[in-house]
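Note: hydrogens, waters and symmetry copies are ignored here, and every other heavy atom, side chains too, is used.
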Amino acid sequence: MSFIRTGLREIGLKIRRQKTRMALRHEKRHLQKSEINLGREGCSQAVNFPEVRDEIVALKKLEQEQREVTVRIAQLEEGIKQIEAQRQENAKEQSAAIAKLEEEKKPILQQRNEAKAAADMCDRELSSVDKRLQENEATDRDLLKKLADLQALTAPPTDLETQTANISQRRAGLPIEREEISRARLGSAEACRNAKETLGAAQASLDAAEKNIEKVRGEFEVRDRALNENSRAQQEAIREARAHHQTVEERKNPAYLNIGRHLATKGIAPPNAPHLLKEVHRHREGVGRHLAHSSELAVLSSQIDKQELRKFYFSIISVLVLLAIILPLVFQTPPKREWLPRETEAILSLHIERFERDELPKRWRKDQVATWPNLWSSLLGNAAKAPVLNSPDDVLRVTRAIATENAGAIQEFVLVEARADLSHAIQSLEHDQSFEKRTVNGLPFWQKDGLAIARVGSRTFAVGGPTEVDTLVQVRLGLKQDLKITGQLFDRFQALDQESALRLISRDPPNLARIFHPIFAHDLLDSSQLLGLSLTLKQPAKARLLIRLKTTAEASDLARKLHDEPQRWLKVQDSELLLYAQPPEINQQGQDLELRFIVPENTALLILERLGKTDATAVTAMR
């Protein structure tokens, strides 16, 4: 194993060499900066040395170029100040011109409003006259009809002549009244025509005034845009000039560097900054130390046995290749899932440990000694029939999955998860001679009197009828499709709090009332595509309700209804009890709604009774 020590030693040397190289680069950068600073401050001393005469000449040319750029920047900044002054003056002139035109527009607007009011009044008077004329004609038609009806009677009344005379007299006055109304209508029509002509002239004047205002505003805005564009161009020119100035400054660094190196070699320091020479010498010593250290490390590496180093590298590469093969397989292995059939419509999960710990179940077991065992057995379903599992001590969780066959029959698949290993339970089944044992592709399967038990996991039993348990075994072996872990139903089921005492979910909410006794309101079930409930039975009991709807709009509408009328939507079906003690907290995410609320104690007990089908009220209501 000496090659491992050799490889580790070489890796340590590589790390030290890399650290030395990083420190060397850092020290060289500081050395270069200190030499540039020394050259910048020592230009006056450098003029005495002919070796750096070219650098001095180059610096003078670059400084002249910088002065020219500085003058141009000052000119551009002055131009920007003038443009800003012109923009402010233009804004003042625009405000004054618009204010003057608005003042001239006010009387024109008042005339237009008065003309419009007069025209409206004329229209109302003309309508009134037309209505009177129509009433006159209608009265004439009614009188004529009455006269015809009197003459058509087979047995004329005794006062026929009197009625006929009255009707004729009333009709005789109608033409005169109609003529007066017609003359009044002509006058009203003429007045309306004059009023509309006046209104048209006033509106035209108003339109002309508004167009003039828009024209003046547009002229000022055009002038302001031109000034703005000019200012933007000047600012861009300033940015370019400043960038040029910085570029020239950076071009001076090579000359400063050469001057600084020459002064440091000669040992000459500028009188106003003698510390710069000491700083250059200090960084030069640091660079020398790092170079010497790098040489020592290179010598140590050259003394290492290359053959052993090859063995070490080969071992490392082999391990990495194996990890590259194994890790994808590990991460692609599906996590623990509930092995349930794909046809599952609803899932009811009971956390037995929570039922043992929470306050409300403890109290119900004490207060309802006669009814609680029956309710508990009904909630567990076929899991209560497993002879080898004492549910409070041995079982951690019971999962009941319900599916509907094509004929309408309901199938129930039960998974029982134990707290510890199943070896003790399997030994009990092996010694029980009443159970018939067989093996299905390596999975043990026990059966007697219509009850079947099969081991489908390290700590999981499938319990129920032989057909249902056989289906669960085939699902576990991959012979039948399971409820995919990425599917909508299982995703939402996992989203519920797994530490809750009870979890219920259905992807066909209207069918819940057929599987269990009705709990939720019909309107809520009919409007949902998927519904999930988690219930904690501490004091007080708390619930989390998940609802998925077809569209986001329907989700928003239902959220509003739940907020406005919770007593209608969150009511236990066929009961006066509400699901909540306080109005629920509603959170919407797209098509999904999440409700959190406190559940009254009697409502929580009724929910358990409905799920276990032990409530007499619901049975009577269903009948």
Side-chain angles (χ1 to χ4, degrees), residues 8-77 236-304 309:
L8 294 177
R9 182 187 176 194
E10 175 62 16
I11 290 176
L13 290 174
K14 285 182 178 293
I15 293 173
R16 292 170 64 187
R17 286 200 301 271
Q18 181 62 27
K19 292 174 63 176
T20 303
R21 282 194 293 267
M22 293 173 61
L24 181 60
R25 284 196 296 268
H26 179 74
E27 198 67 36
K28 283 183 176 180
R29 284 196 298 270
H30 281 282
L31 174 60
Q32 186 179 28
K33 290 180 180 178
S34 62
E35 288 174 342
I36 290 174
N37 293 334
L38 179 61
R40 182 179 288 109
E41 296 295 332
C43 284
S44 58
Q45 286 76 26
V47 296
N48 300 322
F49 298 97
E51 294 86 350
V52 292
R53 187 174 300 160
D54 294 338
E55 283 76 5
I56 298 296
V57 173
L59 285 174
K60 289 182 178 180
K61 291 181 179 179
L62 293 174
E63 289 174 354
Q64 178 61 30
E65 186 176 353
Q66 278 187 319
R67 284 193 291 271
E68 294 174 357
V69 173
T70 303
V71 172
R72 174 165 171 74
I73 291 174
Q75 292 174 350
L76 292 172
E77 290 177 346
E236 183 66 26
I238 287 178
R239 281 194 293 270
E240 293 177 357
R242 286 174 178 168
H244 184 201
H245 189 278
Q246 182 62 30
T247 302
V248 173
E249 183 65 29
E250 292 174 358
R251 285 164 55 191
K252 293 163 65 176
N253 286 338
Y256 286 138
L257 180 62
N258 290 334
I259 293 173
R261 286 176 177 174
H262 189 77
L263 292 177
T265 303
K266 297 294 184 178
I268 298 174
N272 58 340
H275 66 280
L276 294 178
L277 180 62
K278 296 179 181 179
E279 187 175 352
V280 171
H281 288 164
R282 180 170 59 83
H283 287 301
R284 283 187 175 181
E285 291 174 359
V287 170
R289 286 196 307 272
H290 290 306
L291 288 173
H293 191 216
S294 297
S295 300
E296 293 174 1
L297 294 175
V299 171
L300 292 175
S301 293
S302 64
Q303 296 173 355
I304 291 177
L309 195 59

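Applying the side-chain hydrogen bond (donor to acceptor under 3.5 Å, both in side chains) test between His244 and each of Arg239, Glu249, Arg72, Glu65 identifies Glu65 as the sole match.
Atom CG of Asn253 sits about 10.5 Å away from atom CG of Leu62, to the nearest 0.5 Å. Taken to the nearest 0.5 Å, the CD1 atom of Ile15 stands 10.5 Å off from the CD atom of Glu10. In this structure, CG in Asn272 is found 5.0 Å from CD in Glu41, a value given to the nearest 0.5 Å. One finds the OG atom of Ser34 at 14.5 Å from the NZ atom of Lys278 (value rounded to the nearest 0.5 Å). Note: Ser294 OG to Arg289 CZ = 12.5 Å, rounded to the nearest 0.5 Å. Distance check, rounded to the nearest 0.5 Å: CG of Leu31 to NZ of Lys33 gives 12.0 Å.
Using a 4.5 Å heavy-atom threshold, the side chains of Arg40 and Lys252 count as separate. The shortest distance between side-chain heavy atoms of Leu276 and Val280 does not fall below 4.5 Å. At least one side-chain heavy atom of Arg25 sits under 4.5 Å from a side-chain heavy atom of Met22. With a 4.5 Å cut-off on side-chain heavy atoms, Gln246 and Arg242 do not count as touching. Looking only at side-chain heavy atoms (C-beta outward), Val57 and Lys61 come within less than 4.5 Å of each other.
In Arg284, the CZ atom is crowded: over 12 heavy atoms of neighbouring residues, nucleotides or ligands sit closer than 6.0 Å.
A search for side-chain hydrogen bond (donor to acceptor under 3.5 Å, both in side chains) contacts involving Ser301 returns Arg17, not counting sequence neighbours.
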Review point. Under the side chain to side chain contact (heavy atoms under 4.5 Å, CB included) criterion, do Val299 and Gln303 qualify, and how do the steps go?
Key: CA-CA 7 Å; Val299 171; Gln303 296 173 355; 3.7 Å; yes

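When all heavy atoms of Gly42 and Pro270 are compared, the closest pair comes out as CA-CB, 4.2 Å. Of all non-hydrogen atoms in Gly286 and Glu27, the two that sit nearest each other are C-CG, 3.9 Å. Residues Leu59 and Cys43 come closest through the heavy atom pair CD1-SG, 3.9 Å.
Thr20 and His293 form a side-chain donor-acceptor contact under 3.5 Å, judged by distance and modelled atom types alone. A donor and an acceptor atom, one from each side chain of Gln32 and Arg29, are nowhere located under 3.5 Å apart.
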Show the atom names and distances, to 0.1 Å, of all donor-acceptor pairs under 3.5 Å that link a side chain in residues 256-263 to residues at least two apart or in another chain.
unit_1 : atom_1 : unit_2 : atom_2 : d
Asn258 : ND2    : Glu55  : OE2    : 3.2
Asn258 : ND2    : Pro254 : O      : 3.4
Arg261 : NE     : Glu35  : OE1    : 2.9

